[in-house]
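First comes the structure, then the notes that go with it.
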Amino acid sequence: MTPLSLGLDFVPIWTIILGVGVFLYVLLDGFDLGVGILFGLAPDTPSRNLAMDSIAPIWDGNETWLVLCSMGLLAAFPIAFAIIIPAVYFPILVMVLSLIFRGVAFEFRYRDREHRSLWDRGFNYGSVLAQGIVLGAFIQGFRTDGQAFTGSSLDCFTPFSLVVGVCLVFGYALLGAGWLVLKTAGQMQSWARAHGRWAFLGVCASVLVVSIWTPIAFTDIRSRWFSWPDFVLLAPVPIVTAVVAWLEWRTLNRPDSEVGPFIGAIALFVMSYLGLTISLFPYVVPYRLTLWQAASPPSTQAFLLVGTLFLLPVILMYTGWSYWVFRGKVRADGGYH
């Protein structure tokens, strides 16, 4: 008897793989993008060098998860891929180009010292652009006719998606500040902690705005959170989020807390991701197609799952090893200690 003959449902498995993959990309690439966002505010060249050195050994490996999630979506949910990608074509294009130029700037600033200010700006700007607009466009949904996208590639640029874009910049900046608090010391650490407080206030304002806007604008989300008994069952989510935010603020204001700001930022992302999942599940194309309606045939999912289950442990092992090797503080006088 094969899994297919038993009628095994592979959709939940692929949903978990892609869900975890998306979160790991947002978390891991998020903090090094956050360092890039704060990089433009660094007071001097030694501070910028220290910020860049803190992510130099691991930044490119973090983007592995973006490739995995993109190919996984294409393979496991091809109908969703065919709708989402045309709908967010322009912000995806800007995001990819910005990530490419960011990587180029990362390498060239060490080798082309005469134009270092240009590469510094490229690294900073490339860290800021586009990702939040994709998320905002996804939440607001897409115009479809059956299983075909019928909207315009410019539909993604709305006030809501632009606000979400700004929100994600604040979130990444908070992650980046937490990383710098963890990895640096002295004046640089104090600088990161101060900017982390400003980013935290931006995150709180962003969460408040989006939490009010989404149930007002989207009926499905409003009914999910405010119908009975969901209102009571889901009440712990905002309560826990508020507690996590309070603890994050405390750690940002405690000079002896080095791990706390980064852990608190991660926890805030976990709660936000949980809230987004609750709002949209089981849709993979919001309000149009569920995960099961957009899934590829079980035979395709089973075939691809075999290779993915071999690949995932390899990615996790080399990612974990790289973080373990470079686990200490980064110093201006010679890398990690």
Side-chain angles (χ1 to χ4, degrees), residues 19-20 22-23 25-27 30-31 33-34 37 84 87-88 91 128 130-142 155-178 196-252 261-288 290:
V20 172
V22 168
F23 179 74
Y25 170 72
V26 169
L27 173 63
F31 78 73
L33 288 170
I37 292 167
I84 294 171
V88 294
V128 173
Q131 293 198 6
I133 295 176
V134 176
L135 176 60
F138 182 79
I139 294 173
Q140 70 189 14
F142 313 105
D155 289 349
C156 58
F157 296 103
T158 64
F160 178 78
S161 67
L162 294 174
V163 167
V164 173
V166 173
C167 295
L168 198 59
V169 169
F170 280 120
Y172 282 170
L174 181 61
L175 278 173
R197 288 193 286 269
W198 284 108
F200 172 81
L201 295 176
V203 167
C204 290
S206 300
V207 170
L208 183 63
V209 169
V210 173
S211 297
I212 294 173
W213 195 334
T214 48
I216 292 175
F218 308 110
T219 305
D220 293 74
I221 294 178
R222 182 168 64 249
S223 62
R224 178 68 56 88
W225 284 92
F226 294 101
S227 62
W228 182 265
D230 291 351
F231 178 79
V232 175
L233 296 176
L234 298 177
V237 175
I239 293 173
V240 171
T241 303
V243 172
V244 168
W246 174 68
L247 293 173
E248 170 71 346
W249 180 251
R250 286 193 61 190
T251 61
L252 284 169
F262 190 53
I263 297 299
I266 292 173
L268 282 175
F269 266 80
V270 169
M271 297 310 299
S272 299
Y273 196 67
L274 176 61
L276 182 63
T277 301
I278 292 170
S279 297
L280 298 180
F281 187 83
Y283 293 106
V284 66
V285 177
Y287 329 119
R288 295 286 190 253
T290 67

Review point. Roughly how far apart are E248 CD and I266 CD1, rounded to 0.5 Å?
Key: 10.0 Å

Check your understanding: Is the CZ atom of R222 crowded by more than 12 outside heavy atoms at less than 6.0 Å?
Key -> yes

Would you give me the side-chain donor-acceptor pairs under 3.5 Å for residues 232-239, sequence neighbours excluded?
none

Point to revise | Side-chain donor-acceptor pair present, S161, Q140, cut-off under 3.5 Å | key: no

**Study point:** side-chain contact (heavy atoms from CB on, under 4.5 Å) against C167, all qualifying residues, sequence neighbours excluded
**Key:** V163, S206, V210

Point to revise | Inter-residue atom distance L175.CG - L168.CG, 0.5 Å rounding | key: 9.0 Å

Revision key, fill the gap. Interatomic distance, CG@L27 vs OH@Y172, rounded to 0.5 Å, equals 9.5 Å

Check your understanding: Under the side-chain contact (heavy atoms from CB on, under 4.5 Å) criterion, do T219 and Y287 qualify, and how do the steps go?
Key -> CA-CA 10 Å; T219 305; Y287 329 119; over 6 Å; no

Check your understanding: Between CZ of F170 and CH2 of W198, what distance do you get to the nearest 0.5 Å?
Key -> 10.0 Å

Review point. Any side-chain heavy-atom pair from L201 and W249 closer than 4.5 angstrom?
Key: yes

Revision key, fill the gap. Residues G196 and L174: closest non-hydrogen pair is O-CD1, 3.5 Å

Practice item. Please round to the nearest 0.5 Å and tell me the distance separating atom OG1 of T251 and atom CD1 of I263. Key: 10.0 Å

Review point. For R288 and F142, what are the C-alpha separation, side-chain angles and deciding distance, and is it a side-chain contact (heavy atoms from CB on, under 4.5 Å)?
Key: CA-CA 8 Å; R288 295 286 190 253; F142 313 105; 6.0 Å; no

Review point. Shortest non-hydrogen contact from G264 to V244?
Key: O-CG1, 3.9 Å

Check your understanding: Is there any side-chain hydrogen bond (donor to acceptor under 3.5 Å, both in side chains) pair reaching into residues 269-280, and which pairs are they, with sequence neighbours excluded?
Key -> W225-S279

Study note, to complete from the structure: All heavy atoms of I139 vs all of P286, minimum pair found to be O-CB, 4.3 Å

Exercise for review: Find the distance between CZ (F281) and OG1 (T290) and round it off to the nearest 0.5 Å.
Suggested key: 9.0 Å

